[in-house]
> 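Take this structure first; my questions come after.
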Number of protein chains: 2
Amino acid sequence: MNDLASRPGERGSLAGRTTRQRSAVRRVLDGCADFVSAQALYERLITTDLPVGLATVYRTLRELERTGRVDVIRDKSGERRYRRRPDDGHRHYLICRACGRSRPVESQVVEEWAERAGELSGYAAVEHIVELTGICTRCRPDTSERPDGEDV
Amino acid sequence: MNDLASRPGERGSLAGRTTRQRSAVRRVLDGCADFVSAQALYERLITTDLPVGLATVYRTLRELERTGRVDVIRDKSGERRYRRRPDDGHRHYLICRACGRSRPVESQVVEEWAERAGELSGYAAVEHIVELTGICTRCRPDTSERPDGEDV
DNA sequence: GTTTTTGCAAAGCTTTTGCAATCCG
DNA sequence: CGGATTGCAAAAGCTTTGCAAAAAC
């Protein structure tokens, strides 16, 4: 379905110069509650903020990804989607396949599992990708009454 | 980096007719120890088995994916790679970023975690994607002596 | 005044699709 | 035979790249 990268460390240095375009990309990205594709972000930018070039959006997002300030997933069709990484370290999400809304989930267990698997196997520099998808309560008006609370 | 789909159930019916091409695709795919891309599989096919069309390879792989007989990952560049799914139900792998070799890993913990997260959140039909990558011992002739054993 | 960035358009890639010819059952 | 399948080539997308013009510092 898709994937979510979770790289260790690597909170590298920022990009080079501060330009209006880059600021705009970050600003609009920050304004997005959920994962957005580069193309969608581009649309938002030129319609609600600053008319930037699509290539610039891609370049900026790649840089943000490289420096670990966004989480990235890939949807079914292979399109990448970006979301500003929360400062508190959340890195795994449960994403609604119907509406696309995402929410961070408790992932302590998985982190540990991944680490252990790496140790047992003797592999070095083990990284993991984890993503959950489902149908949220709002998109499933039928059964169940459980509220769509926050973090699991 | 990439991703690995793990769908519940859905061991659906086979494709329609049995053709030489489809048999060849499966045959060559079975002969691949690790994940291969459609393009790579196509190369192998026309050079060592049967000259099939690239489109046919894609169509066959999509069908195999749909019926749950292959596991799929996406590499960094977004290219899909396929691997015959073991009959014993293994579904998560630890893949070497250097040589591409993959090995199934024990994933009981993650399966349970995913299920629990789904329940707690109230999301329905929760599916998960999990993949581990690292550098295997063979690709790291330096330190460590731990053997590259089988399943973790 | 340099050096980095931007933007546009063109190119790259993998994957999908249209359609006539071909094959399977 | 008759419908499913193949192959080829063209089409689709998303993302990257080349390069001259523009912006930063």
Side-chain angles (χ1 to χ4, degrees), chain A residues 1-5 12-29 35-47 49-67 70 72-83 100, chain B residues 1-5 12-29 32 35-47 49-67 70-83 100:
Chain A
M1 200 130 284
N2 19 26
D3 60 317
L4 189 157
S13 55
L14 308 168
R17 292 176 180 172
T18 302
T19 65
R20 253 174 324 139
Q21 290 86 341
R22 292 181 183 175
S23 301
V25 171
R26 294 182 191 179
R27 186 185 318 130
V28 175
L29 183 60
F35 285 91
V36 286
S37 67
Q39 311 263 357
L41 189 58
Y42 167 72
E43 290 296 335
R44 283 207 196 191
L45 276 161
I46 61 178
T47 58
D49 200 300
L50 188 73
V52 299
L54 179 57
T56 298
V57 176
Y58 273 108
R59 283 186 284 236
T60 305
L61 286 175
R62 210 198 311 170
E63 182 60 19
L64 290 174
E65 180 181 4
R66 198 183 66 69
T67 55
V70 293
V72 188
I73 62 171
R74 233 190 251 283
D75 73 8
K76 202 173 314 188
S77 67
E79 193 181 48
R80 279 200 180 99
R81 291 197 195 164
Y82 305 82
R83 171 174 167 162
Chain B
M1 199 128 289
N2 20 22
D3 59 315
L4 190 157
S13 55
L14 309 168
R17 294 177 180 172
T18 301
T19 64
R20 252 173 325 141
Q21 289 88 341
R22 290 182 186 174
S23 299
V25 171
R26 294 183 192 176
R27 186 185 318 132
V28 175
L29 183 61
C32 296
F35 286 91
V36 287
S37 67
Q39 311 263 356
L41 190 58
Y42 167 70
E43 291 296 335
R44 285 208 195 190
L45 276 161
I46 61 179
T47 60
D49 201 301
L50 188 74
V52 299
L54 179 58
T56 299
V57 175
Y58 274 107
R59 283 187 283 235
T60 304
L61 286 174
R62 209 198 314 170
E63 181 60 18
L64 289 175
E65 180 182 4
R66 199 182 66 70
T67 54
V70 293
D71 284 320
V72 188
I73 62 171
R74 233 189 251 282
D75 73 8
K76 203 175 312 188
S77 69
E79 192 183 49
R80 278 198 180 102
R81 293 196 195 165
Y82 304 81
R83 170 175 169 163

> When you check the side-chain N and O atoms of A:Glu63 and A:Tyr58, is any donor under 3.5 Å from an acceptor?
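No, no side-chain donor-acceptor pair sits under 3.5 Å.
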> How many whole angstroms separate atom CG of B:Leu50 from atom C1' of D:dG7?
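My rounded result for the distance is 12 Å.
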> Can you give one letter per nucleotide of nucleotides 20-25 of chain D, going 5' to 3': B for a protein heavy atom under 4.0 Å from the base, S for sugar-phosphate only, - for none?
---BBS
> Search all heavy atoms of B:Val57 against all heavy atoms of B:Ala38 and return the closest pair with its distance.
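Taking every non-hydrogen atom into account, CG1-O, 3.8 Å.
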> Using every non-hydrogen atom in the two residues, find where A:Val52 and A:Tyr42 come nearest and quote the distance to one decimal.
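Looks like O-CE1, 3.1 Å.
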> So, the side chain of B:Thr60 versus the backbone of B:Thr56: is there a donor-acceptor pair under 3.5 Å, distance only?
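It does hold such a pair.
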> Quick check: closest heavy atoms across A:Ile46 and A:Pro51, and the distance to 0.1 Å?
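Nearest pair, atom of A:Ile46 first, then A:Pro51: CG2-CA, 3.9 Å.
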> To the nearest Å, how far apart are A:Leu41 CG and D:dT15 C1'?
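From A:Leu41 CG to D:dT15 C1': 15 Å.
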> D:dT6 phosphate, OP1 or OP2: any side-chain N/O from B:Arg22 under 4.0 angstrom?
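Answer is yes, contact under 4.0 Å.
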> I'd like to compare against my own output: the B/S/- annotation of nucleotides 13-18 of chain C with a strict under-4.0 Å heavy-atom distance to protein.
-SBBBB
> For the pair B:Arg22 (side chain) and B:Arg17 (backbone), establish whether a donor and an acceptor sit closer than 3.5 Å, ignoring hydrogens and angles.
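At least one qualifying donor-acceptor pair exists.
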> Start with the C-alpha distance between A:Phe35 and A:Val72, add both sets of side-chain angles, then the distance that settles side-chain contact (heavy atoms from CB on, under 4.5 Å), and finish with yes or no.
CA-CA 8 Å; A:Phe35 285 91; A:Val72 188; 6.0 Å; no
> Are A:Arg44 and A:Asp49 ion-paired here, with the side-chain N under 4.0 Å from a carboxylate O?
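So A:Arg44 does not pair with A:Asp49 through a salt bridge.
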